[in-house]
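Quick notes on the structure that follows.
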Amino acid sequence: SQTIHQWPATLVQPVGSPLSLECTVEGTSNPNLYWYRQAAGRGLQLLFYSVGIGQISSEVPQNLSASRPQDRQFILSSKKLLLSDSGFYLCAWAQGLAHTDTQYFGPGTRLTVL
Amino acid sequence: DAKTTQPNSMESNEEEPVHLPCNHSTISGTDYIHWYRQLPSQGPEYVIHGLTSNVNNRMASLAIAEDRKSSTLILHRATLRDAAVYYCILTRAGNQFYFGTGTSLTVIP
């Protein structure tokens, strides 16, 4: 069966510090991968998606970036965090075209920027 | 952009049916309607999805209006474990996703 992992589970970082969040998927190959952010009390905002190694599409311009160095690894990064980057970050995967397919979400990373 | 509108909150008594509405008046012909639910501090969980016809699975039923401008998620017998935020989502080719604000469902014992 497929599983999706995210770490760390929680993170508290000062403004201006760098960020690296990792997501890995097991039990499948060549998945579509997604990064979402959820601000407190809000819905999900799609940040990035990837259909293959080294292929990243950005949905929202901001100080975050994403990379996919391996087939089942997706990394969210920032060089300098802003207060507005606080939120709940979710990674998801889907097999095939996500608009017709189910997305499976990871447990999330709670990021607080102080 | 395709947008969904949901009530902010709803309540249901335990073991009674729950009908969660979603309006998506700007839906296009190939948009799929997905429903996910989310417990506090957890990732969303898939519930059901459909295109035009009503759909049933072990978790719920999805009733889609004939003009597709609205849909209703039906939980046949609400349990305390069904208390969550329910999101109605339109998905479109090209990895376009349009999330509603979600409905917070409270189940009363």
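What you see is a predicted model; the values in this text were computed from it and never measured. Convention: sequence-line order gives letters A, B, ...; per-chain numbering from 1.
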### Query
Under 6.0 Å between ring centres, would you say that holds for A:Phe105 and B:Tyr46?
no
### Query
Near B:Asn8 CG, under 6.0 Å, is it more than 12 heavy atoms from other residues, nucleotides or ligands?
no
### Query
Is A:Trp93 reachable from A:Phe74 through a run of I, L, V, M, F, W or Y residues, each pair having side-chain heavy atoms under 4.5 Å apart?
yes
### A:Thr102 OG1 to B:Tyr36 OH distance, which is reported to the nearest 0.5 Å
5.0 Å
#### Entry: Within one Ile-Leu-Val-Met-Phe-Trp-Tyr cluster: B:Trp35 and B:Val107, side-chain cutoff 4.5 Å
yes
### Message
Is there a path of hydrophobic side-chain contacts, each under 4.5 Å between heavy atoms of I/L/V/M/F/W/Y residues, joining B:Ile48 to B:Leu39?
### Response
no
### Query
Are the side chains of A:Gln103 and B:Ile89 in touch, meaning some heavy atoms are under 4.5 Å apart?
no
### Message
If we define contacts as heavy-atom pairs under 4.5 Å, which of B:Gly43, B:Pro44, B:Ser104, B:Ser41 has the most with chain A?
### Response
B:Pro44
### Task
Group every Ile, Leu, Val, Met, Phe, Trp and Tyr by side-chain heavy-atom contacts under 4.5 Å, then state whether A:Leu46 and B:Val85 land in the same group.
yes
## Note on the structure
Under 4.5 Å to a heavy atom of chain B? For A:Gln6 that would be neither
### Task
Under 4.5 Å heavy-atom distance to chain A, tell me which part of B:Gln38 shows up: side chain, backbone, both or neither.
side chain
### Query
Any side-chain heavy-atom pair from A:Pro107 and B:Gln42 closer than 4.5 angstrom?
no
### Message
Quick check on the hydrophobic clustering: are B:Ile33 and B:Leu75 connected, directly or via other members, by side-chain heavy-atom contacts under 4.5 Å?
### Response
yes
